[in-house]
Amino acid sequence: MSFVAAIAACQPEPPAVAFVTDRFDIAPEFDGPLCAGNIPYMEARLSWLEEVLEVEPVGRVRYNWVSDAGEFCDGPLACAIGHTLYGPWSEFEHELVHVIATTSMGRASPFLEEGLAVALTSLSAAPGVPSEWLGRFPHDLETTARGDFYGGAGHFVRFLLDTRGMAPWKRLYAASDYDDSAATLRARFAEAYGESFAEIEAEYLDAAWDAYPPLSGCPAPDLLPWMPSGEFALECDDPAVMRTGPNVMVRPITLGLVTRTVGDFLVAGKRASPDWCPLRPVSIDGLFVGSLEAGLHTATVGAPLDEPKVVRAEFWLR
């Protein structure tokens with residue numbers, strides 16, 4: 001959710017650190033072990049984000065793993081403050097982007113801060129065409145828009161990174177201030193990119209993908225060409241299994257990487273992921289895919305932590 005700059009003096013004590021890794025101090029609000037997949041994923045995710053953002057290692061990061069960080073963050077479900085992030089596992093990736101960006105590059109316009117965090121984690125899928133993103137809310141570029149602009153910002157940032165790379169984006173981020181007005185932010189676009197915001201926006205509305213694949217899967221696993229079905233073991237000591245809460249463990253399952261769809265058919269030869277994400281493209285020419293969106297698709301199977309089991313899962317299109 002939102003990055004906050006300070007904590008109230010009366011904030012409660014966070015959970016105690018229970019796990020110390022190469023780069024993380026992990027302080028969960030629950031007892032018991034983590035599953036075998038948690039720490040390797042966290043370490044790999046941190047290193048990958050530093051590589052993508054082209055920044056020096058940020059040092060140690062503390063993760064206060066709480067189900068609701070409102071009492072620590074003055075409201076939001078999760079937040080990042082310096083080298084510390086607060087929130088549930090579902091927000092870990094998003095807040096980790098804020099930790100790296102703000103400690104390495106400082107603060108920027110909320111549109112840029114949140115757009116980057118969404119662009120590097122979530123599927124930014126427009127309901128129809130890109131024009132339904134930018135301009136959907138009249139003050140998307142203003143600091144006063146604090147809840148409705150995440151998806152639009154993420155979709156636009158993914159387009160910028162995909163088409164123009166990281167270097168001009170970092171110039172824009174570095175030049176921006178947290179309280180930039182929309183007019184100021186548009187002017188900064190021109191300075192950073194050598195193009196007017198209107199020119200970039202026109203290209204975006206004409207050429208951006210309807211949907212971009214989520215980058216929360218990077219570093220990417222080996223991709224399957226299509227959807228697997230079968231039996232999936234859920235044991236906490238399995239490196240593919242991660243604990244996500246007090247009594248829940250999950251196993252992510254990669255369903256495949258598909259490209260943009262037009263109508264009901266896959267468009268062969270379209271690029272489904274930007275060059276700076278190490279996803280291996282998979283082409284499935286001429287396949288009927290119904291309403292499937294673009295991207296790296298994953299599903300999860302889960303079970304209570306204290307009940308290891310084998311889950312039978314079937315995946316299909318409808």
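Along the sequence shown, the residues carry numbers beginning at 1.
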Practice prompt. Check ring-ring contact (aromatic ring centres under 6.0 Å, His included) between Phe30 and all other residues, then give those that pass, not counting sequence neighbours.
Written response: Trp65

Worksheet item: For Glu50, which residues count as a salt bridge (Lys or Arg N to Asp or Glu O under 4.0 Å) partner, sequence neighbours excluded?
Response: Arg23

Worksheet item: Mind checking whether Val248 and Ile39 sit in one hydrophobic cluster, side chains of I, L, V, M, F, W, Y counted as touching below 4.5 Å?
Response: no

Worksheet item: Just checking, any donor-acceptor pair under 3.5 angstrom between side chains of Tyr204 and Glu199?
Response: no

Item to complete: Say whether Ser67 and Glu29, considering side chains only, have a donor N or O and an acceptor N or O under 3.5 Å apart.
Response: yes

Practice prompt. Indicate yes or no: does Arg164 engage Glu195 in a salt bridge with an N to O separation below 4.0 Å.
Written response: yes

Practice prompt. Might you work through the side-chain contact (heavy atoms from CB on, under 4.5 Å) test for Met42 and Thr21, ending with a clear yes or no?
Written response: CA-CA 10 Å; Met42 294 171 70; Thr21 75; over 6 Å; no

Discussion item. If you count heavy atoms of other groups shown closer than 6.0 angstrom to CG of Asp306, is the number above 12?
Written reply: yes

Item to complete: With the side chain counted from C-beta on, respond yes when Leu85 and Val61 share a heavy-atom pair under 4.5 Å apart, and no when they do not.
Response: yes

Worksheet item: Between Phe156 and Phe111, how do the two ring planes meet: parallel, tilted or perpendicular, split at 30° and 60°?
Response: tilted

Fill in: Geometric class of the Tyr193/Phe189 ring pair [parallel <30°, tilted 30-60°, perpendicular >60°]
parallel

Item to complete: For the pair Asp177 and Arg107, evaluate salt bridge (charged side-chain N to carboxylate O under 4.0 Å, His left out) and give the outcome as yes or no after the intermediate values.
Response: CA-CA 7 Å; Asp177 293 323; Arg107 301 301 307 274; over 6 Å; no

